[in-house]
Every structure is written in C-alpha cells, then in structure tokens.
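A short worksheet on the structure shown next.
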Amino acid sequence: MKRVRLQSGQELTIRQAIPADAEEILAYIEQISAETDYLTFGPGEFGITAEQEGIFIDTLTKSDNKLMILAFLENKLVGHLTFMGGSRPRTRHAGELGVSVLRNYWRLGIGTKLIRCCLDWANKAGIRKVNLRVRSDNTGARHLYEKLGFVYEGKTTREFCLDGKFYDVIHMGIEID
Ligand SMILES: CC(C)(COP(=O)(O)OP(=O)(O)OC[C@H]1O[C@@H](n2cnc3c(N)ncnc32)[C@H](O)[C@@H]1OP(=O)(O)O)[C@@H](O)C(=O)NCCC(=O)NCCS
C-alpha cells in the first residue's frame with residue numbers, strides 16, 4: 001500500500017486489488033463506462049460477474065508479471081489500473097497497461113500517480129516494456145502518456161466502432177532499462 005499527496009493536498013491511497021474488491025470494482029466500471037467513450041466497453045457491456053472478477057484478481061495476485069492497482073480518496077474507489085504481462089517466456093517481459101479515473105476526479109494527478117506506481121512496480125518485477133493502446137482522438141490521455149515518457153509506436157485503424165463510426169487506436173510504449 002502506498003499513500004501519496006495530490007497537489008490539492010488530498011491523500012490518495014494506492015494498493016493492489018484483492019478478490020474482496022470485486023463488487024466495488026464492477027460498480028466503478030459500470031460508472032466509468034457511462035462517463036467516457038474512450039474505453040472498449042459502454043454501460044452494461046463489460047460482461048464480467050463479481051465472481052469471475054474475484055477469480056481474475058486472485059490469479060493476478062499470484063502472478064509476478066500482472067498487476068491491478070486501485071486508487072482511493074477517503075475510501076472511495078476513484079482510479080483503476082491494470083498491467084497484463086505476456087504468459088509465455090518470450091513475451092513475459094512485456095505487457096499492456098490500461099488506466100481510468102472517475103470523471104469527477106480528472107486532472108487531480110491521479111492517473112499520473114497510478115502510472116508512476118505501475119512503472120515502479122514494473123521496474124522491480126523485471127518488466128522491460130510497457131505498452132498501451134489509446135484511441136487516437138483521446139488527446140488528454142495521450143498528453144498524460146507522453147508526459148510520462150511513452151512514445152508513439154504505431155496505429156491500428158478501425159479498432160473501435162461506436163454508433164457506426166470507426167476510430168483508430170495509437171500504440172504507445174515505454175522501455176524499462
Ligand atoms: C486519461 C485519464 C486516466 C487521465 O487521468 P487523470 O487523473 O485525469 O490524469 P492526471 O490528472 O494525472 O493528468 C495528467 C496530464 O494528463 C493530461 N490530461 C489529462 N486529462 C486531460 C484532458 N482532458 N485534456 C488535456 N490534457 C489532459 C495533462 O497533460 C495532464 O497534465 P496537467 O494536469 O499537468 O496538465 C482520465 O482522464 C480517464 O480516466 N479518462 C477516461 C478513460 C480513458 O480515457 N482512459 C485511457 C484509455 S487508453
């Protein structure tokens with residue numbers, strides 16, 4: 001568990017998810033799915049039960065190259081990050097990061113703290129490459145990633161389809177020495 005001070009003076013707690021968090025995480029996911037179009041799911045589309053989520057978190061806690069961390073402000077879950085390392089020897093040093101913060105708490109530095117926490121963990125866990133994909137029109141998230149040292153690595157067209165409109169995703173990554 002880590003306690004960090006935001007610029008606003010508020011204390012943010014960041015810790016690894018445990019299976020008992022499953023219900024709260026699903027409620028969080030349902031809320032954020034209605035707050036942004038930049039995720040791969042909308043309201044009611046996540047498609048995971050609390051039991052499945054609990055089992056998933058359990059497997060993560062037993063893995064040395066996968067991570068789910070949660071950010072709390074006064075015991076309220078406000079941010080979520082996952083990192084999924086590869087499962088085979090040739091890919092286990094690399095993986096993909098996904099991050100979100102509840103809309104009411106954007107621009108407080110929570111996304112930055114979550115990603116920094118993940119990069120610290122990745123360094124210690126022997127991860128050598130952190131990748132991510134972001135919708136090309138998600139300029140806020142792209143700024144955040146660039147600020148933290150992620151670089152552009154390519155583009156996949158038509159990765160998202162929303163209301164009949166296609167969106168490209170940008171691939172970004174950071175090498176860890
Ligand atoms: C992207 C997201 C995680 C950022 O979280 P956050 O806690 O608001 O990020 P921070 O407060 O740490 O912002 C850090 C930097 O990101 C950039 N940024 C974040 N949101 C931005 C926005 N809406 N517009 C412009 N820049 C933005 C800024 O450079 C900011 O630095 P600054 O505050 O010094 O100007 C959050 O907006 C979110 O959950 N969005 C919806 C889901 C999503 O898009 N997830 C990423 C999918 S790839």
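Positions are given from 1, in the same order as the sequence printed here. Computed from heavy atoms alone, side chains included, the values below leave out hydrogens, waters and symmetry copies. Every number for a ligand or one of its atoms is a count from 1 in the order of the listing.
At a heavy-atom cutoff of 4.0 Å, ligand 1 is contacted by both the backbone and the side chain of Thr112. Residue-level proximity to ligand 1 for Arg133 is carried by the backbone, the only part with a heavy atom below 4.0 angstrom.
For ligand 1, the polar-atom distance check against Leu108 finds a nitrogen or oxygen pair separated by under 3.5 Å. By the 3.5 Å distance cut-off applied to N or O atoms, Val99 is counted among the residues near ligand 1.
Minimum heavy-atom separation, Ile25 to Glu53: CG2-OE2, 3.6 Å. In terms of heavy-atom proximity, Arg92 sits nearest to Asn65 at O-ND2, 3.0 Å. Contact record, Ser136 with Arg142: O-NH1, 2.9 Å, taken as the closest heavy-atom pair.
Near Ser100, meaning under 4.0 Å from one of its heavy atoms, ligand 1 places the atoms 39 (O). Set against the non-hydrogen atoms of Ile110, the atoms of ligand 1 under 4.0 Å away are 7 (O), 12 (O). Taking a cut-off of under 4.0 Å to the non-hydrogen atoms of His143, the atoms of ligand 1 that pass are 17 (C), 25 (C), 26 (N), 29 (O). Of all atoms in ligand 1, numbered sequentially from 1 with element shown, those under 4.0 Å from a heavy atom of Val134 are 48 (S).
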Next on the checklist: Assess the residue pair Lys62 and Asp58 against the criterion (salt bridge (charged side-chain N to carboxylate O under 4.0 Å, His left out)); give the C-alpha distance rounded to whole Å, side-chain angles, the decisive distance to 0.1 Å, and a yes or no.
Outcome noted: CA-CA 7 Å; Lys62 290 175 182 149; Asp58 191 47; 2.8 Å; yes

Checklist entry - Can you list the steps and then say if Arg128 with Asp177 is a salt bridge (charged side-chain N to carboxylate O under 4.0 Å, His left out)? => result CA-CA 6 Å; Arg128 306 298 305 279; Asp177 291 334; 5.4 Å; no

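Once rounded to the nearest 0.5 Å, the distance linking CD of Glu24 with NZ of Lys76 reads 8.0 Å. Atom CZ in Arg133 sits 12.5 Å away from atom CD in Glu153 (nearest 0.5 Å). Note: Leu102 CG to Asn104 CG = 7.5 Å, rounded to the nearest 0.5 Å.
Within a 6.0 Å radius of CD in Glu11, more than 12 heavy atoms belonging to other residues, nucleotides or ligands are found. The 12-atom threshold is not exceeded at CD of Glu23, counting heavy atoms of other residues, nucleotides or ligands nearer than 6.0 Å.
Counted by atom type alone, Thr49 and Glu51 present zero donor-acceptor pairs between their side chains at under 3.5 Å.
Closest to atom 7 (O) of ligand 1, if we only count protein heavy atoms, is Gly111 N, 2.8 Å. The nearest heavy-atom contact from the protein to atom 11 (O) of ligand 1 is Gly109 N, 2.8 Å. The protein atom (non-hydrogen) at minimum distance from atom 39 (O) of ligand 1 is Val101 N, 2.7 Å. Ranking the protein heavy atoms by distance from atom 44 (O) of ligand 1 puts Asn138 ND2, 2.8 Å first. The nearest protein atom to atom 16 (O) of ligand 1, hydrogens excluded, is given as Leu144 CB, 3.2 Å; this is a heavy-atom distance. In terms of protein heavy-atom proximity, atom 18 (N) of ligand 1 is closest to Gly140 O, 3.3 Å. In this structure, the protein non-hydrogen atom closest to atom 47 (C) of ligand 1 is Tyr145 OH, 3.9 Å. Looking only at protein heavy atoms, the nearest one to atom 31 (O) of ligand 1 is Lys147 NZ, 3.6 Å.
The closest approach between a heavy atom of Thr139 and any atom of ligand 1 is not below 4.0 Å. Remark: distances from the non-hydrogen atoms of Arg103 to ligand 1 are all 4.0 Å or more.
A cation-pi arrangement is not found for Arg135 relative to Tyr38, the charged atom failing to lie both closer than 6.0 Å to the ring centre and inside a 45° cone about the ring normal.
With atom 35 (O) of ligand 1 as the reference point, the heavy atom nearest to it among Arg107, Lys113, Glu146, Glu35 is part of Arg107.
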